[in-house]
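Notes follow once the structure below has been shown.
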Amino acid sequence: MEDERDHNTSSSSLPSLCKQLASSTLRGSLEPHIPVVDLSASDEELVVRAVVKASEEWGVFQVVNHGIPTELMQQLQVVGKQFFDLPEAEKEAVAKEEDFEGYKRNYLEGIKAWDEHLFHRIWPPSCINYKYWPKNPPQYREVNEEYTRHMKKLTEKILGWLSEGLGLPPVALTKSLGGEVAEYVIRVNFYPPSPKSELALGAAVHTDIGAITLLVPNEVPGLQVFKDEQWLDLEYINSAVVVIIGDQLMRMSNGRYNNVLHRATLDKENLRISWPVFVAPKHDLFVGPLPELTGDENPPKFETIVYKDYLHQTIRNWTLDKLPLY
């Protein structure tokens with residue numbers, strides 16, 4: 001089997017990629033545009049082709065007219081910001097303990113607050129620990145539960161199109177991630193304005209460990225993707241959802257779908273907040289190239305391993321290289 005590291009940029013190859021942080025970022029009329037897919041198009045076959053092409057060539061795209069009510073997305077952003085506006089003592093009520101869930105504030109020398117974030121599971125119900133869900137603002141739980149229902153529906157729709165793009169039944173990728181026990185986790189990233197923004201990134205260079213990420217940002221730019229030896233700014237589109245292909249979809253598709261390198265930058269004057277939802281396999285599932293996609297003419301490019309082992313190994317490599325998780 002070919003060395004998986006030749007295809008996976010999420011772990012041991014990341015340190016060298018950090019040297020690219022000084023690479024110029026393309027701006028202006030010649031900048032390639034990250035794909036935008038209108039999900040309301042009447043011809044679903046065209047939608048499938050656009051989603052598949054974007055996943056193969058970019059590993060990232062935005063979707064509009066996706067079915068999540070704009071008012072609900074606005075409510076999600078309101079309750080998220082209200083939480084971070086609370087006094088520190090109230091935020092610490094849902095602070096991280098031993099698990100990854102909860103509130104945390106990261107610091108860098110010379111910068112008061114590099115970022116704050118809130119991390120907790122939102123699906124399946126059996127995995128939810130409400131002690132990490134803020135009780136203030138009071139609407140937080142109701143809004144996030146409603147948002148989860150819409151987000152799950154949109155995720156499974158996109159996974160269905162990506163399955164069809166591989167020549168598989170629409171349920172193939174969702175089923176391979178564990179179906180109803182696939183794990184959904186939301187992270188609310190809070191990046192305060194920083195006059196020393198050139199000293200740090202809001203999120204270091206990485207690919208997402210899980211299968212797929214669906215992200216909603218506020219209007220302040222900051223998310224960048226790496227393509228054709230350049231960092232490209234994601235254009236803000238009101239009410240759009242950003243879709244990012246992660247390591248596991250790359251591995252399951254045997255390299256057909258691209259796990260995109262991306263990072264988040266800080267802004268000197270404006271507050272930036274984002275709401276990514278990370279979708280990952282059930283931890284005890286074996287994940288690797290789907291058998292239907294491999295054979296004598298297309299051998300597996302990746303090892304099939306238990307997802308939790310992949311997760312721990314990747315995070316350990318990030319820690320050893322002193323890279324933040326996000």
Side-chain angles (χ1 to χ4, degrees), residues 1 3-15 17-18 59-60 96-104 106 117-124 126-129 132 148 151-152 155 159 162 173-189 203-215 243-255 257-264 276-290 300-326:
M1 180 184 299
D3 191 337
E4 180 160 355
R5 290 175 298 178
D6 293 340
H7 300 269
N8 186 355
T9 57
S10 67
S11 54
S12 58
S13 60
L14 270 179
L17 287 165
C18 286
V60 60
K96 288 179 185 285
E97 295 176 354
E98 294 181 358
D99 201 356
F100 68 87
E101 292 187 89
Y103 166 77
K104 186 175 182 180
N106 290 318
H117 63 261
L118 175 67
F119 219 164
H120 60 77
R121 293 176 173 93
I122 58 176
W123 189 270
S126 60
C127 291
I128 293 176
N129 190 338
Y132 294 115
T148 298
M151 179 58 58
K152 185 171 179 289
T155 300
L159 289 173
L162 292 174
L173 288 174
T174 297
K175 185 176 179 180
S176 296
L177 293 174
E180 287 300 303
V181 295
E183 189 169 289
Y184 289 64
V185 181
I186 194 168
R187 174 174 169 135
V188 188
N189 296 309
V205 183
H206 66 285
T207 61
D208 287 347
I209 301 176
I212 191 170
T213 303
L214 279 72
L215 177 148
V243 181
I244 300 172
I245 302 300
D247 294 353
Q248 305 317 311
L249 281 190
M250 178 194 68
R251 300 175 75 250
M252 293 165 69
S253 67
N254 205 31
Y257 296 139
N258 178 36
N259 62 337
V260 65
L261 278 167
H262 54 288
R263 67 183 184 184
V277 170
F278 303 99
V279 183
K282 186 180 176 184
H283 278 205
D284 60 359
L285 280 182
F286 282 87
V287 182
L290 298 181
K301 297 181 175 70
F302 310 98
E303 180 185 8
T304 296
I305 60 175
V306 178
Y307 174 63
K308 65 180 178 181
D309 293 338
Y310 180 94
L311 179 70
H312 294 157
Q313 178 183 343
T314 303
I315 293 177
R316 184 171 62 248
N317 287 336
W318 282 358
T319 303
L320 292 174
D321 297 323
K322 299 182 179 179
L323 290 173
L325 180 56
Y326 287 100

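As a basis for the values below, the full set of heavy atoms in this structure was taken, side chains included, without hydrogen atoms, waters or symmetry mates. By convention here, the first residue in the shown sequence is residue 1.
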message: Tell me every residue that passes side chain to side chain donor-acceptor pair (under 3.5 Å) with Tyr103, counting only those two or more places apart in sequence or in another chain.
response: Glu88, Glu116
task: Flag the pair Leu173 / Ile212 as yes when at least one side-chain heavy-atom distance between them is below 4.5 Å, and no otherwise.
output: no
message: Is there a side-chain contact between Met252 and Tyr257 in this structure, where contact means two heavy atoms from C-beta onward sitting under 4.5 Å apart?
response: no
Listing, residues 176-186 side-chain donor-acceptor contacts under 3.5 Å, not counting sequence neighbours, or none:
unit_1: Ser176; atom_1: OG; unit_2: Ala172; atom_2: O; d: 2.9
unit_1: Glu180; atom_1: OE1; unit_2: Lys152; atom_2: NZ; d: 3.3
unit_1: Glu180; atom_1: OE2; unit_2: Lys152; atom_2: NZ; d: 2.8
unit_1: Glu183; atom_1: OE1; unit_2: Arg121; atom_2: NE; d: 3.3
unit_1: Glu183; atom_1: OE2; unit_2: Arg121; atom_2: NE; d: 3.4

query: Is a side-chain N or O of His262 found less than 3.5 angstrom from the main chain of Val260, in a donor-acceptor match?
result: yes
query: So, do Tyr310 and Arg251 sit near enough that their side-chain heavy atoms are less than 4.5 Å apart?
result: yes
message: To check you understand the geometry: which heavy-atom pair defines the closest contact between Ala280 and Tyr307, and what is its length?
response: CB-OH, 3.5 Å
query: Just wondering, do Thr148 and Val277 contact through their side chains at under 4.5 Å, heavy atoms?
result: no
- prompt: Hey, are the side chains of Leu290 and Ser253 touching, using non-hydrogen atoms and a 4.5 Å cut-off?
  reply: no
task: Supply the atom-to-atom distance Phe100 CZ to Ile315 CD1, rounded to the nearest 0.5 angstrom.
output: 9.0 Å
- prompt: How long is the span from the CD1 atom in Ile122 to the CZ atom in Phe278, to the nearest 0.5 Å?
  reply: 11.0 Å
- prompt: side chain to side chain contact (heavy atoms under 4.5 Å, CB included) with Ile128: which residues, sequence neighbours excluded?
  reply: Tyr130, Trp133
message: If you define the side chain from C-beta out and look only at heavy atoms, does anything of Asn259 sit under 4.5 Å from Asp247?
response: yes
query: Hey, is NZ on Lys96 packed in by over 12 heavy atoms from elsewhere, all under 6.0 Å?
result: yes
field: CD1-CG distance between Ile244 and Leu249, expressed to the nearest 0.5 angstrom
entry: 12.5 Å
- prompt: Do Asn254 side-chain atoms and Lys301 backbone N/O form a donor-acceptor pair below 3.5 Å?
  reply: yes
task: Decide yes or no on side-chain contact (heavy atoms from CB on, under 4.5 Å) for Phe119 and Lys104, but give the supporting numbers first.
output: CA-CA 8 Å; Phe119 219 164; Lys104 186 175 182 180; over 6 Å; no
query: Are the side chain of Gln248 and the backbone N or O of Ile209 linked by a donor-acceptor pair below 3.5 Å?
result: yes
message: Working to the nearest 0.5 angstrom, can you tell me the gap between Met151 CE and Leu214 CG?
response: 5.0 Å
message: Pair Val205, Leu261 - check side-chain contact (heavy atoms from CB on, under 4.5 Å), show working.
response: CA-CA 6 Å; Val205 183; Leu261 278 167; 3.6 Å; yes
query: Taking atom CG of Asp208 and atom CD1 of Ile245, what is their separation to the nearest 0.5 Å?
result: 10.0 Å
